[in-house]
Amino acid sequence: AAEDLLEATKRQDTYQLASFHPDYRFADAPDDDPANATNRAPHPTLHLLRVADVARAIDTHPDTSAIPERNVALLRRLARQMS
């Protein structure tokens with residue numbers, strides 16, 4: 001519904017949404033995979049981001065494509081250390 005609202009108001013070039021959910025699970029991951037926590041929040045949450053700010057962050061960060069992989073690896077490593 002939120003994405004539809006952005007399109008209906010012609011704001012999709014100005015804003016983008018990032019969603020988080022307590023039950024988020026990557027398509028190929030088991031429920032208990034610590035990597036799922038990268039997209040989880042205590043309550044369903046939508047982050048409203050300015051497209052220009054995201055573009056600026058991407059342009060100034062040395063390797064944005066590595067961020068998700070690094071986050072997943074970190075959470076899995078921390079889970080192993082805690083068990």
Side-chain angles (χ1 to χ4, degrees):
E3 292 284 355
D4 291 341
L5 181 61
L6 283 180
E7 287 184 31
T9 59
K10 301 189 184 328
R11 302 274 195 229
Q12 68 272 18
D13 293 334
T14 305
Y15 300 105
Q16 72 181 59
L17 299 174
S19 60
F20 299 87
H21 192 276
D23 299 326
Y24 182 85
R25 184 175 63 87
F26 286 105
D28 297 332
D31 287 338
D32 63 348
D33 187 340
N36 294 323
T38 63
N39 289 45
R40 287 187 176 169
H43 305 282
T45 304
L46 284 178
H47 286 253
L48 184 63
L49 306 169
R50 290 187 189 105
V51 170
D53 292 342
V54 173
R56 189 170 32 259
I58 290 170
D59 289 343
T60 59
H61 192 279
D63 188 10
T64 56
S65 63
I67 293 170
E69 294 171 12
R70 196 171 58 238
N71 290 346
V72 164
L74 174 63
L75 288 173
R76 287 177 176 158
R77 185 172 62 249
L78 290 172
R80 282 192 305 273
Q81 290 173 357
M82 295 177 78
S83 60

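In what follows, every heavy atom counts, from backbone to side chain, and hydrogens, waters and symmetry copies are set aside.
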Nearest-0.5 Å distance that lies between atom CD in E69 and atom OG1 in T38 =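 Going from the CD atom of E69 to the OG1 atom of T38 covers 12.0 Å.
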Gap between atom CG of N71 and atom CG of N39 - 0.5 Å precision |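 It is 9.5 Å, given to the nearest 0.5 Å.
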Report the residues that fulfil side-chain contact (heavy atoms from CB on, under 4.5 Å) with [X], sequence neighbours left out, ordered by chain and then residue number.
{"X": "A66", "value": "D63, R70"}
{"X": "P30", "value": "D32, D33"}
{"X": "A2", "value": "L17, L46"}

Partners of S83 by side-chain hydrogen bond (donor to acceptor under 3.5 Å, both in side chains), sequence neighbours excluded?
->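 So S83 forms no side-chain hydrogen bond (donor to acceptor under 3.5 Å, both in side chains) with any residue.
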Any residue meeting side-chain hydrogen bond (donor to acceptor under 3.5 Å, both in side chains) with D59, in chain and number order, not counting sequence neighbours |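 Expected list: none.
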Output every pair passing ring-ring contact (aromatic ring centres under 6.0 Å, His included) with a member in residues 37-83, not counting sequence neighbours, ordered by first then second residue.
->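 ring-ring contact (aromatic ring centres under 6.0 Å, His included) check on residues 37-83 returns F20-H47.
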Return the set of residues passing salt bridge (Lys or Arg N to Asp or Glu O under 4.0 Å) with D53 (not counting sequence neighbours), or none when no residue passes.
->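 Applying salt bridge (Lys or Arg N to Asp or Glu O under 4.0 Å) to D53 gives R50, R56.
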Members other than I67 in its cluster, when Ile, Leu, Val, Met, Phe, Trp, Tyr link by side-chain heavy atoms under 4.5 Å?
->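 Members besides I67: none; it forms no cluster.
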So which residues get pulled into L5's cluster when ILVMFWY side chains under 4.5 Å apart are joined, directly or through others?
->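 Members alongside L5: none; it stands by itself.
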Considering non-hydrogen atoms only, spot the tightest contact between V72 and A35 and give its length.
->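 The pair with the smallest heavy-atom distance is CG1-CB, 3.5 Å.
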For residues P42 and P22, determine if any side-chain heavy atom of one lies less than 4.5 Å from a side-chain heavy atom of the other.
->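 They are not in contact (no side-chain heavy atoms under 4.5 Å apart), so the answer is no.
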Could you state whether L49 and I58 fall into the same hydrophobic cluster, counting links through intermediate Ile, Leu, Val, Met, Phe, Trp or Tyr residues with side-chain heavy atoms under 4.5 angstrom apart?
->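 L49 clusters together with I58.
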Residue pairs, two or more places apart or on separate chains, that pass side-chain hydrogen bond (donor to acceptor under 3.5 Å, both in side chains) and touch residues 5-29 |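 Pairs touching residues 5-29 that pass the test: R25-D31.
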